[in-house]
Amino acid sequence: MDIFNGIASGFEVVFQPNNLLYCLIGVVIGMLIGVLPGLGTVATISVLLPITFGLPPETAIIMIAGIFYGAQYGGTITSVLLRLPGEASAVVTTFDGYQMARRGRAGAALGIAAIGSFIGGTLAIVGLSLLAPVVAAFALDFGPPEYAVLALAGILLVSSFGSGSAWKCIVSATIGLLMASVGRDLFTGVDRFTLDSPQLADGIDFAALVMGLFGLGEVLYDLERRIKGNSAPTPKVKNAWITGTDWVQSRMAIARGTLIGFILGVLPGGGATLSSMVSYAAEKRAAKDPSRFGKGAIEGVAGPESANNAAATSSFIPLLTLGIPANATMAIIYGALLLQGIAPGPQLISEHPDVFWGVIDSMWIGNILLLIMSIPLVRLFIKILQVRASIMAPITVMIILIGAYSVRNSIFDLWIVIAFGLLGFLMKKFGFEPGPLVLAFVLGNLLETSFRQSLQLLDGSLFGFFARPISGTLLVLMIAVPFLVMAVRLFLRKRVAQTDLQKEYENA
Amino acid sequence: MGVPTRRSQDTATQSEEVGVVEADVDDEAVTPAGAWSHLVAGGVPLAFGVVMMLGSINLGLGSPTSPQPGLWPFALSVLLIALSIGLLVGRGRFGPCESFGSGTLTVIAGVGSIAAFTILLPLIGFEIPAIVLAAFWLKILGQESWRVVAMVPILCTAAFHLLFVEGLGVAIPHLFSF
């Protein structure tokens with residue numbers, strides 16, 4: 001009954017006024033940036049990273065998590081009303097959501113999306129609470145070879161099924177690993193690639209790197225495309241509410257979406273995005289009349305929205321139990337935890353139960369807050385759509401600059417931000433994803449340390465990795481999963497109008 | 001987060017002149033760049049890999065069982081070099097590059113203004129550079145109205161001063177404090 005004690009203790013953490021407040025702040029910011037043009041989730045979390053340093057670890061992660069799943073709710077609003085997915089995972093929602101809005105059913109689309117997201121999110125929390133301790137207990141026996149393989153698998157999987165070309169993603173990840181090797185070598189104490197700069201002796205500052213690469217890089221990328229704003233006429237929404245028929249039509253879609261999302265979310269990579277696509281395909285297949293899809297079928301909104309929220313929740317499992325981030329947001333949470341002096345991994349649940357259970361339980365509260373906000377307050381959020389990107393951009397830049405300075409009171413870090421901002425912009429221009437770079441950067445030390453320890457343990461033989469049962473199985477899985485994903489993608493290509501999806505994706 | 005109510009009022013009055021710019025951007029497909037871009041996309045990582053490889057050899061390699069500090073980055077740079085050669089040979093088989101247009105000048109101007117901010121920050125505090133930076137981004141890069149330019153930079157800088165200097169006690173160089 002440890003799990004139930006854990007859940008109970010987690011609520012004690014969440015109900016501290018401070019934590020409730022930051023949970024609220026997190027979900028409101030998440031919802032806002034989901035709606036606002038320009039900044040995505042990862043960029044926002046990067047930009048706000050310095051603010052979290054002053055907070056206790058559980059409070060910091062509760063807020064960041066709130067931003068993450070809050071943005072999933074917010075992104076739906078723009079997808080439905082303007083056909084502008086804020087996040088790749090909301091692309092699928094535009095297919096039927098926007099059509100519903102054009103037929104005057106925007107309220108029903110937003111309502112079912114909010115309810116589906118809530119059900120998907122909360123059921124996934126139950127799954128997370130029950131499954132995470134089991135996985136963590138299993139992972140306690142892992143030695144360096146297992147960790148080396150896990151870290152490698154995490155990096156490779158994110159590269160192979162994130163968006164963009166897998167080859168370029170792996171290039172980007174390799175560069176991230178090389179950047180992680182800057183600074184003092186943990187084994188010999190020798191400075192590596194520091195160019196004799198004392199500021200680089202501890203390595204490249206993580207906060208400056210992500211604020212540049214994700215925050216400034218994204219601002220510059222938008223600036224180039226001169227996105228002026230979202231002042232496109234927004235459809236009128238009276239109320240985000242659904243009818244009994246809507247519910248009957250979509251309840252099975254929500255159930256299927258939740259299950260699909262939960263399972264796929266655990267996998268490293270674009271769990272939320274992939275699961276929303278799979279859910280859409282599944283709904284189209286299950287429907288009696290598939291031709292309704294793309295013309296405003298409510299299941300086409302309910303399923304994918306439930307799926308991407310369930311996936312967003314279950315993507316915490318690998319981070320909280322194995323210490324392997326499953327996507328770029330989790331990589332930033334990983335970095336934030338490290339900076340707080342907490343190493344994410346199987347020992348997290350026993351060493352920092354307040355963080356582990358506090359964060360999980362905060363998601364209940366966060367989802368309830370989001371449901372409250374997205375149904376009655378939907379009109380308020382639609383108003384925010386009027387804010388133009390050209391006004392958001394300078395404000396974001398100022399937050400980035402002042403925030404990055406405040407981390408270590410260092411002008412040097414500002415130059416790092418500018419350098420990585422330019423790098424992030426150029427990477428996007430040349431078709432490289434910055435996500436794998438950051439993920440590899442945060443996992444770089446773990447991978448190098450465990451790899452070097454393993455080689456000593458296994459007498460320098462790479463085959464030793466296959467000989468150990470767990471690392472061997474993981475290696476085989478690592479080779480098999482990309483093929484599986486390729487198969488799913490091929491299947492989807494036939495089912496969904498993949499060309500449209502791909503086009504939307506690249507714009508997203 | 002800034003001053004949303006004021007900004008949205010402001011926006012409402014101007015929504016007509018902005019029209020449906022976003023819709024245009026959405027429809028406008030990203031123009032793929034020419035062959036040179038794939039040379040850059042493969043060449044730059046290749047050059048980085050070679051530099052890092054030479055640096056690693058300099059640090060000493062050792063052997064797998066008793067590695068010197070250079071072994072790990074050496075292995076990574078060899079991998080990077082191989083992958084970059086793949087990019088060069090594959091020429092665009094690994095996804096498109098976007099072309100650079102007139103918007104690129106905007107980006108250069110934007111980065112230049114941020115660099116200027118960074119140089120001025122330790123000399124004269126963050127307030128004046130922040131106001132100038134925001135005004136530059138709004139008027140020159142964002143082509144906003146003078147009304148927006150008159151309000152947003154000052155309000156935001158005041159808000160940041162209150163939040164970071166007075167509220168959080170961040171030791172950022174500033175002109176004054178209460």
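The sequence lines fix the lettering, A, B, ..., with proteins before strands; numbering per chain opens at 1. Computed from a predicted structure; not experimentally measured.
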Heavy-atom proximity to chain B below 4.5 Å, by part of A/Leu462: neither
B/Phe94 portion near chain A, given a 4.5 angstrom heavy-atom threshold: both
Residues A/Glu224 and B/Thr104: side-chain donor-acceptor under 3.5 angstrom: yes
Gap between atom OG of A/Ser390 and atom CG of B/Leu138 - 0.5 Å precision: 7.0 Å
Inter-residue atom distance B/Leu71.CG - A/Glu448.CD, 0.5 Å rounding: 9.0 Å
Minimum heavy-atom distance A/Ser165-B/Gly95, with the two atoms named: CB-N, 4.3 Å
Nearest-0.5 Å distance, SG of residue B/Cys156 to CD1 of residue A/Ile399: 8.0 Å
Heavy-atom pair with the smallest gap, counting every atom of A/Ile395 and B/Phe160: O-CZ, 4.1 Å
Sorted by number, residues from residues 57-65 of chain B in contact with chain A (heavy atoms, under 4.5 Å): B/Leu59, B/Pro64, B/Thr65
Beyond-backbone contact of A/Asn409 with B/Ile172, side-chain heavy atoms, under 4.5 angstrom: no
Ring geometry between A/Phe430 and B/Phe100 (parallel below 30°, tilted from 30 to 60°, perpendicular above 60°): tilted
Option in B/Leu87, B/Leu105, B/Leu163, B/Leu79 with maximal non-hydrogen atom pairs under 4.5 Å from chain A: B/Leu87
Interface moiety of A/Tyr405 toward chain B, non-hydrogen atoms closer than 4.5 Å: side chain
Worked verdict on A/Met398 versus B/Thr157 for side chain to side chain contact (heavy atoms under 4.5 Å, CB included): CA-CA 9 Å; A/Met398 284 161 70; B/Thr157 308; 3.6 Å; yes
Between CG on residue B/Leu83 and OG on residue A/Ser172, distance to nearest 0.5 Å: 11.0 Å
B/Trp72 vs A/Leu447 side-chain heavy atoms within contact, under 4.5 Å: yes
Selection from B/Gly70, B/Gly101, B/Pro67 maximising heavy-atom pairs under 4.5 Å formed with chain A: B/Pro67
Note, B/Pro73 side chain near A/Phe193 side chain (heavy atom, < 4.5 Å): yes
Minimum-distance pair of heavy atoms, taken over all atoms of A/Val219 and B/Trp137: CG1-CZ3, 3.6 Å
Under 4.5 Å from any heavy atom of chain B - which part of A/Val171: both
Where B/Glu98 and A/Lys428 come nearest, the two heavy atoms and their spacing: OE2-O, 4.1 Å
Using a 3.5 Å cut-off and no angle test, enumerate the donor-acceptor pairs between side-chain atoms of residues 411-422 of chain A and protein atoms at least two apart in sequence or in another chain.
unit_1	atom_1	unit_2	atom_2	d
A/Asp413	OD1	A/Arg408	NH2	2.9
A/Asp413	OD2	A/Arg408	NE	3.0

Atom pair CD (B/Gln68) and OG1 (A/Thr188), whose distance is rounded to the nearest 0.5 Å: 7.0 Å
Whether over 12 other heavy atoms sit under 6.0 Å from B/Trp146 CH2: no
Contact residues of residues 449-457 of chain A (partner chain B; heavy-atom separation under 4.5 angstrom): A/Phe451, A/Arg452, A/Leu455, A/Gln456
If you look only at distance, which donor and acceptor atoms sit under 3.5 Å apart when one is on a side chain in residues 115-128 of chain B and the other is two or more places apart or in another chain?
unit_1	atom_1	unit_2	atom_2	d
B/Thr118	OG1	B/Ile114	O	2.9
B/Glu127	OE1	B/Leu175	N	2.9
B/Glu127	OE2	B/His161	ND1	2.9
B/Glu127	OE2	B/Leu175	N	3.2

Heavy-atom side-chain contact between A/Lys429 and B/Cys97 under 4.5 Å: no
Atom group of B/Ser113 that falls short of 4.5 Å from chain A, counting heavy atoms: neither
Between A/Leu220, A/Leu177, A/Leu178, the one whose heavy-atom pairs under 4.5 Å with chain B are most numerous: A/Leu178
Side-chain touch B/Pro69/A/Phe187, heavy atoms, less than 4.5 angstrom: no
Interchain contact, A/Leu426 with chain B, by part (heavy-atom threshold 4.5 Å): side chain
Side chain / backbone / both / neither for A/Ser406 at chain B, heavy atoms under 4.5 Å: both
Separation between CE of B/Met52 and OG1 of A/Thr174, rounded to the nearest 0.5 Å: 11.5 Å
